[in-house]
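Here's the structure, in structure tokens; my notes come after.
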Amino acid sequence: MSTEDRPPAPRSLAEALRARGDASLGALLRSRPDLITPVPTDLTQLATRAGTRASVVRALERLDRFALQTAEALAVAADPAAYGELLGLMAGDDADPAVVAALPHAVDLLREQALVWGGDDRLRLVRTARELLAPSPQHPSPTGLGPTVQEATAGMSPGRIQEIVTAAGLASTHDSVSAVTALAGLFTDRARMAALLADAPADSLDVLERLVWGPPYGQVTADPAPRLRWLLDRGLLLPTAPGTVVLPREVALHLRRGLAHRAPEPVPPAVETAAVHRPQVVDSAAAGQAYTALATVEELLKDWDEGGPAVLRAGGLSVRDLKRTAVALDVPEPVAAFWVELAYAAGLIASDGEADERYAATPAYDEWRELPAAERWSLLVTAWLAATRTAGLVGGRDAKDRTLSALGPGLDRSAAPEVRHRVLALLAGLPEGAAPAAGSVLARLRWERPLRGDRREDDLRGRLAEWALSEAEQLGVTGRGALSAQGRALLGAPAAPAPGPEAEPSGPGDKLPVHHHHRPTPLTALSPAEQAVASAAAARLLAPLLPEPLDHVLLQADLTAVAPGPLQRPLADMLGVLADVESKGGATVYRFTPGSVRRALDAGQAASDLHAFLAAHSRTPVPQPLAYLIDDVARRHGHLRVGAASAYVRCDDDAVLSEILADKRAAGLGLRRLAPTVLAAQADPAGLLEGLRALGFAPAAESAEGDVLITRALAHRTPPRTAPEPVPDGPPVPDDTLLAAALRAIRAGDLASTTPRKPGAAPAANGELPRTGAAETLATMQAAVLTGEALWIGYVNAEGAASQRVIAPIRVEGGFVTAYDHTADEVRTYPLHRITGVAELADDEG
């Protein structure tokens, strides 16, 4: 392309954005959604917003390590810098081939992010980014470089500058500017600098060696040692303040052989494979974990069925209640906190909102329980993927040194969903059955997002990744550390790459060689609709791997029943009333006791019903001791009747009542005989029932009509509740519809602000609105209707907001003009009295 045909170089970021196509602008707005919140009026405003400190900081935080190192190198390069200068800073004198190959992509990325603009001959870092990354005494540069010779000598006396120039072997000059230029030229000339340093004392070179990679500042006394004096005399160290010296940037770069960074990292660290298992083993192990996850959540909600722990005044669970829950689930407290938070994120538990506020299951829990097991699992893991609440923080301290409690405030971390998704995406890039080395996953994440505001945030991101790996295993997304088939489907990921012949394991647990150059295609987060499809696909893959619910148990002579697997829901519910769970695991052991049998009788079951139930659902004959136990409890059940007087006891057998009165343990009930078959009590009916049961009797409660009351455990439910909304990490990524509308509005607004006007027609400088009289405005509008030309107008709406617009008038009547508005991309009607003025567009642009 000839010089005449080449487009002119942009003079500003706005001009650089104006030269982009819609696809490029759309990519920018997707990666930096804060730029269209709200939608800017034109590209000039977009460029201004892209240069604000908050937006630039956010964009820098989302760069990978090499792109960030490139931006840091530009911050210490000339402004503007040629690509060759940047390449020298990144690749050094030895021209590292990996850096040479990766640098064009890094520069393109910075351009796409609107952090750099200009052609390769004039690369400019956005001013705010330069201010953030350039070295200063208050904010040292990550490169470890100090100020330039020109910056370091800014306050130095002309005489002292001339002394330095002469000592360095240069000719003295007539002014400080040329002297500083000559000194900088010496320091950037490799051959002359090598000759100068060849004469340096060894201990002076040691001083330079200590400062070369930063920090570049050092302390000196009023009478420096000879090794320091030699350096100060020649400007190799320059004073910046009393007692402080700095190594000039040009000197450091010579000593570093041109490198801005000690260790450029152009290639991301590979995710190393620690072990490999057969895919079937991984999927089966993950399915087992998924089943355990479902059972654990059900057990948690069953434990809270009649009303869970009280809500603390500040919100959340108390430490005591969390410990009690951990004991009930037979898991450590951090794991119990995870299950509680997961059920809350899925909308299965919430606060009931009563005066005596407690946690309880929501109506959504009853709907969840009726779903097939695989669908219940997909709902849990979908909620986990999107949740910003972070159970791993429970027990820690917030910024005000308050303890963070489960279900309490302060647990949201907006980065959590992104870290979880990225961790699983890295696992998806490994061959099927391959489990990663956790350290290599953390190293890769640190390369992808190296910059954070402080070390605590860096630590949090690493902990989020560790928790993601652990939680994925507990949920069955991974099995034995490797991503399962259902976990891969959950991400919408393609089939995993097959390992090469040299990577075939000889058995489970064998190690694969390290994949140094394997870099999987990054997976992007799915939209809600896409995630629903992916979750359904994951559930379909999991369903065949889950054990089928059983319709039978094995009754044993020691008054126990063994369930060799998961039970069908009606069987499990009934057995849960008739017996107590003694142990859990691969098989669940239930124990029948007089109290558990009485519980079933209290729930309205007859002895004959219990015998029939056990005979129908046992693969072994009903043991005689169990049949005797049921008959014995049933014979005594309801023999005594308790009602409300304050309370009374009646029994057809007066000998039984006499036995109760004679029992010293019954003294606290305040009993007295009213009739041969009736006793009155001072205790209330509930207390009387418990007291008599403690004495070994089996009383039944009765109604005012004398009928036996059937007592069933009433499930306590909250009013309808929605699951907690995740706390977003900044503005959401715009969808295609919003993005297309925003681009149309920005383009149209830019057209209105940049379209050339006819010479002498309603001049408006510096973005001012055009000004014309009412008669001239009307006449120009009417002429444009006849000719079909577009006009540039100034318009003030009813709220007093002024704007510039490009319109094509269609009709003028009744004090209104109807026109196609290029700015809004639609036909609109404007009152003429709100139009401040009008101007015709230049002929070649109309």
Side-chain angles (χ1 to χ4, degrees), residues 271 273-297 331 334-335 338-339 341-343 345-346 372-392 416-438 441-442 445 463-496 520 523-526 530-546 726:
V271 178
T273 303
V276 68
H277 312 278
R278 287 186 298 110
Q280 296 86 347
V281 172
V282 170
D283 294 346
S284 297
Q289 288 296 113
Y291 169 71
T292 302
L294 295 177
T296 303
V297 172
V331 296
V335 178
F338 167 66
W339 293 119
E341 283 289 342
L342 178 63
E375 293 183 28
R376 280 184 279 140
W377 176 82
S378 72
L379 284 174
L380 288 181
V381 293
T382 302
W384 170 72
L385 273 177
T388 54
R389 292 185 62 82
T390 308
E418 179 204 345
V419 172
R420 287 190 201 108
H421 187 277
R422 189 64 193 127
V423 166
L424 296 182
L426 291 175
L427 269 60
L430 296 175
E432 287 189 33
V441 173
L442 297 181
L445 291 176
R463 287 186 294 155
L464 286 174
E466 292 173 351
W467 294 331
L469 288 169
S470 171
E471 292 165 2
E473 188 76 11
Q474 292 177 67
L475 282 170
V477 177
T478 59
R480 299 196 177 185
L483 191 65
S484 63
Q486 55 267 27
R488 195 176 301 278
L490 189 69
L491 294 177
L523 294 172
T524 57
L526 303 178
E530 293 170 334
Q531 187 61 67
V533 173
S535 298
R540 286 194 297 272
L541 289 174
L542 176 66
L545 303 176
L546 292 175

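Just so you know, these numbers come straight off a predicted model, no measurement behind them.
- Partners of L475 according to the side chain to side chain contact (heavy atoms under 4.5 Å, CB included) rule, which considers only residues two or more places apart in sequence or in another chain, are A293, F338, W339, L342, V381, W384, V477.
- Expressed to the nearest 0.5 Å, how far CG of L541 lies from CD of Q486 amounts to 7.0 Å.
- Under the side chain to side chain donor-acceptor pair (under 3.5 Å) criterion, E530 pairs with S527, sequence neighbours left out.
- No donor-acceptor pair closer than 3.5 Å links the side chain of R389 to the backbone N or O of A345.
- Here the closest heavy-atom approach between residue A346 and residue A383 is recorded as CA-CB, 3.8 Å.
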Distance-only donor-acceptor hits, side chain of residues 279-287, under 3.5 Å, sequence neighbours excluded:
from, atom 1, to, atom 2, distance (Å)
D283, OD1, A485, N, 3.0
S284, OG, Q280, O, 2.9

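- Note that CH2 of W377 is 9.5 Å distant from CG of L294, once rounded to the nearest 0.5 Å.
- A distance of 11.5 Å separates CG of L380 from CG of L385, quoted to the nearest 0.5 Å.
- Side-chain contact between P436 and L430 is present, with at least one heavy-atom pair separated by less than 4.5 Å.
- For A468, the side chain to side chain contact (heavy atoms under 4.5 Å, CB included) test picks out R420, V423, with sequence neighbours left out.
- Residues meeting the side chain to side chain donor-acceptor pair (under 3.5 Å) test with E473, sequence neighbours left out: T478.
- Evaluation of the side chain to side chain donor-acceptor pair (under 3.5 Å) rule for Q474 yields S470 as partners, not counting sequence neighbours.
- Counting only residues at least two apart or in different chains, salt bridge (charged side-chain N to carboxylate O under 4.0 Å, His left out) contacts with residues 374-385 comprise E298-R376.
- Of all heavy-atom pairs between L491 and A428, the closest is CD1-CB, 4.3 Å.
- The side chain to side chain contact (heavy atoms under 4.5 Å, CB included) search around V331 returns L329, V335, A336, not counting sequence neighbours.
- Across every non-hydrogen atom of A434 and A482, the tightest pair is O-CB, 3.3 Å.
- Annotation: side chain to side chain donor-acceptor pair (under 3.5 Å) contacts of S535 (sequence neighbours excluded): T382, Q531.
- Of the possible polar contacts, none joining the T388 side chain to the A386 backbone as a donor-acceptor pair under 3.5 Å is found.
- Counting all heavy atoms, side chain and backbone alike, L542 lies closest to A374 at CD2-CA, 4.3 Å.
- In terms of heavy-atom proximity, P417 sits nearest to A387 at CG-O, 3.5 Å.
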**Message:** Using side chain to side chain contact (heavy atoms under 4.5 Å, CB included), reason through E466 and V441 one step at a time and then give a plain yes or no.
**Reply:** CA-CA 9 Å; E466 292 173 351; V441 173; over 6 Å; no
